[in-house]
Amino acid sequence: MDQGPFDFSALLPANLPPPAVRWTGSAKYNFTGGNNDADQVPVDGLIAAANAVLKREGRNLATYGLASGPQGYRPLREFLVGKLKRDAGITCTADDILIVSGSLQALDLVNGALLTRGDTVIVEQDSYQGALNRLTRLGVNAIGIPLDDGGLRVDAVAAALADCKQRGVQPKYIYTIPTVQNPTATIMSAERRAELLALSRQYGVPIVEDDCYADLIWDGKRPPAIYAMSKAGGVIHIGSFSKSIAPALRVGFIVAPWQIMSRMLPLKTDAGSGALEQMVLAEYCAPHFATHVPELRAALRAKLETLMETLAEQFGTSAEFEDPKGGIFLWVKLPDNVDTLKLYQAALKEGVAINPGPEWSTNKSRSACRLRLCFANPTKQQIREGVAILADVCRREFGVPTRIANVERARA
Ligand SMILES: Cc1ncc(COP(=O)(O)O)c(C=O)c1O
């Protein structure tokens, strides 16, 4: 007898995340996510690297871990040792590095090793949605610390740590994106990093440093990584090839002292990240990374200029933002009456996708009139057209901007 389709619902544990929505394609004007510039993916270089490395070492694919052990393809880790020394001032060996499936997996491993339901962590008030969502799902209390032009406000971290201590709460870690923060694009100075380290030491709270945008500073000059400045080893450093090469590759890395690395490693239960991606990246990056990244930065900067010009043209003084020193995002403030969660819904109907502020912040009311625009993936023409539509939708829904492209408009 036909009993209809099998029903899984009674079998699902209560704490599952909400069901996924089926993907119905990207918006025509997509300013969301951390996507990269399609024209800057070094396709020819990756093809040549794939050919060379597969011819030479393809038979190593017969073994889990490519004969490199559970921490990832050794030549990629060796490339990172040199790169991290040169760019971030980090002294480490290949044994201090774990290759992971994107830095999102790094966040999962850090959380798996350190957190349990009811714990407290300290985060930047405006922060990466992927990190904030994970904490919510784990039932962890995230204390959001305000940022200023110099990134995380260390005086406010000091106050939060003192308050936690008084309440008998031991925060498990401080999560920061110090080098081109997501979404504010701020860069924390070396002085501030030193102050943060001193606080971390004083209160015995480690720092999780998410540095995935560090390669994308326009002038290429960055302060040393917090990991590099730490003398006591209380820092876990996370990086990624998503922003410098391509996010679909899903290759990131963790640099951490063995005491905590050895607790994260058993939680990486996928028997190693994709081997081909690691091999191709190592082969490509060793000779080409240093020339590829400045070209990528120049292309991103040019798109950012198009975005800033178009916002000024279409929104006038209604859109407030700082000119970022790097990265792929603009964090924009609209007038207080604009609700970007509603703007998001209305704009999506017109083919424009944006990231509404409250999804990137622990402070839902302050971020209600803010939005994040990723400028890396849309073409310059899409940026111009998409922002013009966004301004039109915003005026229709919220009465601002009153001027569009320097023409005064009445509310529809
Ligand atoms: C701050 C931050 N961390 C981590 C990630 C995850 O990157 P991936 O898993 O692609 O390395 C992102 C992606 O946008 C990010 O912005």
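As the structure lists them, so they are numbered: ligands from 1, and atoms in each ligand from 1. Just so you know, these numbers use all the heavy atoms, side chains as well, and skip hydrogens, waters and symmetry mates.
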**Student:** Does Arg372 use its side chain to pair, donor to acceptor, with the backbone of Gly33 at less than 3.5 Å?
**Tutor:**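 The answer is yes, because a donor-acceptor pair under 3.5 Å joins these two groups.
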**Student:** Would you call Arg297 and Asp215 a salt bridge, using N to O less than 4.0 angstrom?
**Tutor:**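 Judged by the 4.0 Å cut-off on N to carboxylate O distance, Arg297 and Asp215 do not form a salt bridge.
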**Student:** At less than 3.5 Å, what protein N or O atoms come close to the N or O atoms of ligand 1? Include the distances to 0.1 Å.
**Tutor:**
{"from": "ligand 1", "atom 1": "3 (N)", "to": "Asp210", "atom 2": "OD1", "distance (Å)": "3.4"}
{"from": "ligand 1", "atom 1": "3 (N)", "to": "Asp210", "atom 2": "OD2", "distance (Å)": "2.6"}
{"from": "ligand 1", "atom 1": "7 (O)", "to": "Ser103", "atom 2": "OG", "distance (Å)": "3.1"}
{"from": "ligand 1", "atom 1": "9 (O)", "to": "Ser103", "atom 2": "N", "distance (Å)": "3.0"}
{"from": "ligand 1", "atom 1": "9 (O)", "to": "Leu104", "atom 2": "N", "distance (Å)": "2.9"}
{"from": "ligand 1", "atom 1": "9 (O)", "to": "Arg250", "atom 2": "NH2", "distance (Å)": "2.8"}
{"from": "ligand 1", "atom 1": "10 (O)", "to": "Ser242", "atom 2": "OG", "distance (Å)": "2.5"}
{"from": "ligand 1", "atom 1": "10 (O)", "to": "Arg250", "atom 2": "NH1", "distance (Å)": "2.7"}
{"from": "ligand 1", "atom 1": "11 (O)", "to": "Ser103", "atom 2": "N", "distance (Å)": "2.7"}
{"from": "ligand 1", "atom 1": "11 (O)", "to": "Ser103", "atom 2": "OG", "distance (Å)": "2.6"}
{"from": "ligand 1", "atom 1": "11 (O)", "to": "Ser240", "atom 2": "OG", "distance (Å)": "2.6"}
{"from": "ligand 1", "atom 1": "11 (O)", "to": "Ser242", "atom 2": "OG", "distance (Å)": "3.3"}
{"from": "ligand 1", "atom 1": "14 (O)", "to": "Tyr213", "atom 2": "OH", "distance (Å)": "3.1"}
{"from": "ligand 1", "atom 1": "14 (O)", "to": "Lys243", "atom 2": "NZ", "distance (Å)": "2.8"}
{"from": "ligand 1", "atom 1": "16 (O)", "to": "Asn182", "atom 2": "ND2", "distance (Å)": "2.8"}
{"from": "ligand 1", "atom 1": "16 (O)", "to": "Tyr213", "atom 2": "OH", "distance (Å)": "2.5"}

**Student:** Do the charged groups of Asp108 and Arg134 touch, with an N to O distance under 4.0 Å?
**Tutor:**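 Counted as a salt bridge, because a side-chain N and a carboxylate O are separated by less than 4.0 Å.
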**Student:** Quiz question: by atom type and distance under 3.5 Å, do the side chains of Thr32 and Asn355 form a donor-acceptor pair?
**Tutor:**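 Checked: Thr32/Asn355 side chains show no N/O donor-acceptor pair below 3.5 Å.
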**Student:** Taking Phe329 as the fixed residue, which of Phe31, Phe321, Tyr213, Tyr128 is the one that meets the ring-ring contact (aromatic ring centres under 6.0 Å, His included) rule?
**Tutor:**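 Only one of Phe31, Phe321, Tyr213, Tyr128 forms a ring-ring contact (aromatic ring centres under 6.0 Å, His included) with Phe329, namely Tyr213.
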**Student:** Looking at Asp163 and Arg167, is any side-chain nitrogen of the basic one under 4.0 Å from a carboxylate oxygen of the acidic one?
**Tutor:**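 The answer is yes: the pair qualifies as a salt bridge.
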